[in-house]
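In what follows, chains carry the letters A, B, and so on, assigned in the order in which the sequence lines appear, proteins first and then strands, with residues in each chain numbered from 1.
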Amino acid sequence: DIQMTQSPSSLSASVGDRVTITCRASQSISTYLNWYQQKPGRAPKLLISAASSLQSGVPSRFSGSGSGTDFTLTISSLQPEDFATYYCQQSYSTLAITFGQGTRLEIK
Amino acid sequence: QVQLQESGPGLVKPSETLSLTCTVSGGSISSYYWSWIRQPPGKGLEWIGYIFYSGSTNYNPSLKSRVAISVDTSKNQFSLNLRSVTAADTAVYYCARLPTTRDWFDPWGQGTLVTVSS
């Protein structure tokens, strides 16, 4: 299986901060990388697909980049509603889809 | 727009079979892949498996020996059976659409908590 490792596992930041979350794959996955946001008690919500494609309705302060093994999710200016847990997910290996362990973004 | 809704028992006894159904509304189940994903309390997401509307399946290797996913196109539903459950299978179970096997999960159902306990 392709292992997905996110860093950091948790992060404290303030409203207005620029935040970057990293996701590293154990082998090259081209750009088959997706990002989700999950708030407590809610289902995950797709933010970015194919490494950098922002989903309709997702604020432009969210952006994704990367290819191969290293990917980043950036929030340019944190808003109160952005405090949540973020997951990356690879879809390169269609026989074994895997997620990162999650990054919990908390208010400082 | 397409919406998904999980249904099934919230409590299952150890060694028994966990059975859940996902009902798709607002669109046809045809032409897409449909998946189950779970999340133990306080933990991360684990992909369980997916099924194509035609019936072909693929499962997480770690669960493959206990999992079966089926589809009923006439009812616009797909189902999950997980055999021989233990407390480690306690989780929120989500169903989700996967446009192709190399795509992303969207949309998701709201999730349903299944507790394995005697």
Side chain, backbone, both or neither: which part of A:Pro40 has an atom under 4.5 Å from a heavy atom of chain B?
neither
Select one option (side chain, backbone, both, neither) describing which atoms of A:Gln38 are under 4.5 Å from chain B's heavy atoms.
side chain
Run the salt-bridge test on A:Asp17 and A:Lys108 with the 4.0 Å N-O cut-off and return the result as yes or no.
no
Under 6.0 Å between the ring centres of A:Tyr36 and B:Trp108?
yes
Describe, in one word, how the ring planes of A:Phe99 and A:Tyr87 are oriented to each other, choosing from parallel (under 30°), tilted (30 to 60°) and perpendicular (over 60°).
perpendicular
Identify whether the distance between the nearest side-chain nitrogen and carboxylate oxygen of B:Arg97 and B:Asp103 falls below 4.0 Å.
no
The interface call for A:Tyr92 against chain B, heavy-atom contacts under 4.5 Å, is both
Please flag which part of B:Ile37 lies under 4.5 Å from any non-hydrogen atom of chain A: side chain, backbone, both or neither.
side chain
Heavy-atom pairs under 4.5 Å with chain B - which of A:Gly102, A:Ala96, A:Gly100 has more of them than the others?
A:Ala96
Determine the sole option in B:Phe78, B:Tyr59, B:Tyr94, B:Trp47 for which the ring-ring contact (aromatic ring centres under 6.0 Å, His included) test with B:Trp36 is passed.
B:Phe78
Let's test your reading of the structure: which of B:Asn58, B:Val92, B:Thr100 forms the most heavy-atom pairs below 4.5 Å with chain A?
B:Asn58
